[in-house]
Amino acid sequence: MRVLVTAGPTREPIDPVRYISNRSSGKMGYAIAEAALDAGHDVILISGPVNLAPPDEATFVSVSTSDEMFDAVHRHADKCDVCVMCAAVADYKPAKVSTAKIKKRREKVLLELIPTRDVLDSLGHWQGRQFLVVGFAAETSDVQENAERKLREKNCDIVVANDVSSADSGMDSDLNEVTILFRNGERHKILRTQKTIIARELVKIFVKSATIMFDKKNVTVTETQLSEVIPNSSPVPRVAD
Ligand code: CTP
């Protein structure tokens, strides 16, 4: 299969030397890219600025802003079987980018922000898509409820929810604990462990879900095999073309 993964933060420029960003390290996305390669899949990794070396065997696309990430994902998504939106895309960007460095003044400064384009939402609502859409939900409260809302509103097939409120799990950590939500209401929890281990399990779930939902040809899977990966699973309903 061909797997597209986004990872890391985006940077939204204010002026030539300043930007708005977030604490995403890219570790979860890079771990998913590595795990997909190890499982024999082709990988396109689209990454914001991080301190990680991309895997040699991946097709690597380096981006900085949310607009660059949106355009790169849209160039590649249609050729893929699974799209995993792990990046922490900034929700807002400055309404105007100053071409010159903004000088310090005595009075307060108000920065006008406008919403960025939502990459995940645009993939979820892609007409007639033949690829699995996976979103991530980084939450600090009401994790399940917020993740469920994202799954529904962005028309995802799977949302991987994680609580980023604790310092030793989630953003910038090597550890994570996630709950995987499926469109048919099923849930599957992976208890706190290394992101690399979580990534391997996630890749198995994504590939098998894509196989069932979109009749992908290069992997054959039976319902019995799926229930080995997703406990208490029943067949995932097919998305309307
Ligand atoms: N996402 C995206 N494009 C954006 C914002 C978010 O593709 N402009 C994707 C992320 O890659 C992730 C999912 O949406 O897969 C959820 O991101 P998250 O930051 O948890 O949620 P938001 O939709 O931004 O909502 P909120 O910040 O209110 O929780």
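None of the values given here were measured: they were computed from a predicted structure. All ligand and atom numbering here is 1-based and tracks the order in the structure. Reckoned from all heavy atoms, side chains included, excluding hydrogens, waters and symmetry mates.
Summary of contacts: the protein heavy atom closest to atom 10 (C) of ligand 1 is Ala87 O, 3.3 Å. For atom 16 (C) of ligand 1, the closest non-hydrogen atom on the protein side is Phe136 O, 2.8 Å. The protein heavy-atom contact nearest to atom 3 (N) of ligand 1 is Val119 N, 3.0 Å. Annotation: atom 23 (O) of ligand 1 to nearest protein heavy atom, Lys154 NZ, 2.6 Å. Remark: minimum distance from atom 7 (O) of ligand 1 to any protein heavy atom is reached at Leu120 N, 2.8 Å. The protein non-hydrogen atom at the shortest distance from atom 21 (O) of ligand 1 is Lys150 NZ, 2.9 Å.
Taking a 4.0 Å cut-off on heavy atoms, Ala90 registers as neighbouring ligand 1. Look at Ala137 and you'll find a heavy atom under 4.0 Å from some atom of ligand 1. At least one heavy atom of Arg117 sits closer than 4.0 Å to an atom of ligand 1.
Under 4.0 Å from ligand 1, the heavy atoms of Thr116 that appear belong solely to its side chain.
No hydrogens or angles considered: nothing links the side chains of His188 and Thr179 as a donor-acceptor pair under 3.5 Å. Between Tyr30 and Ser47, the side chains place a donor N or O and an acceptor N or O closer than 3.5 Å (distance only, hydrogens not considered). With no hydrogens or angles considered, no side-chain donor-acceptor pair links Ser141 and Glu139 at under 3.5 Å.
Here the straight-line distance linking atom CE of Met1 with atom CG of Leu132 works out to 8.5 Å at 0.5 Å rounding.
With salt bridges taken as basic N to acidic carboxylate O contacts below 4.0 Å, none links Asp121 and Lys150. Salt bridge Asp71/Arg117: present, at least one basic N to carboxylate O contact under 4.0 Å. Using a cutoff of 4.0 Å between basic side-chain nitrogens and carboxylate oxygens, Asp67 and Lys93 are scored as salt-bridged.
Less than 4.0 angstrom separates atom 1 (N) of ligand 1 from at least one non-hydrogen atom of the protein. Within the 4.0 Å cut-off (strictly below), no protein heavy atom is located near atom 28 (O) of ligand 1.
The environment of NZ in Lys101 is sparse: at most 12 heavy-atom neighbours from other residues, nucleotides or ligands sit within 6.0 Å.
At least one side-chain heavy atom of Val43 sits less than 4.5 Å from a side-chain heavy atom of Leu37.
In this structure, Val89 is not a member of the same hydrophobic cluster as Ile14, with clusters built from ILVMFWY side-chain heavy atoms closer than 4.5 Å.
Each of the atoms 11 (O), 12 (C), 15 (O) of ligand 1 lies under 4.0 Å from some heavy atom of Met85.
With atom 24 (O) of ligand 1 as the reference point, the heavy atom nearest to it among Val134, Asp91, Asn146 is part of Asp91.
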*For Val134 and Met85, run side-chain contact (heavy atoms from CB on, under 4.5 Å): C-alpha distance rounded to whole Å, both residues' side-chain angles, the deciding distance at 0.1 Å, then the answer.*
CA-CA 6 Å; Val134 180; Met85 298 294 102; over 6 Å; no
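Polar contact with ligand 1: absent for Gly135 (N/O pair, distance under 3.5 Å). For the pair Ala138 and ligand 1, the shortest N or O to N or O distance falls below 3.5 Å. The shortest N or O to N or O distance between Ala88 and ligand 1 is not under 3.5 Å.
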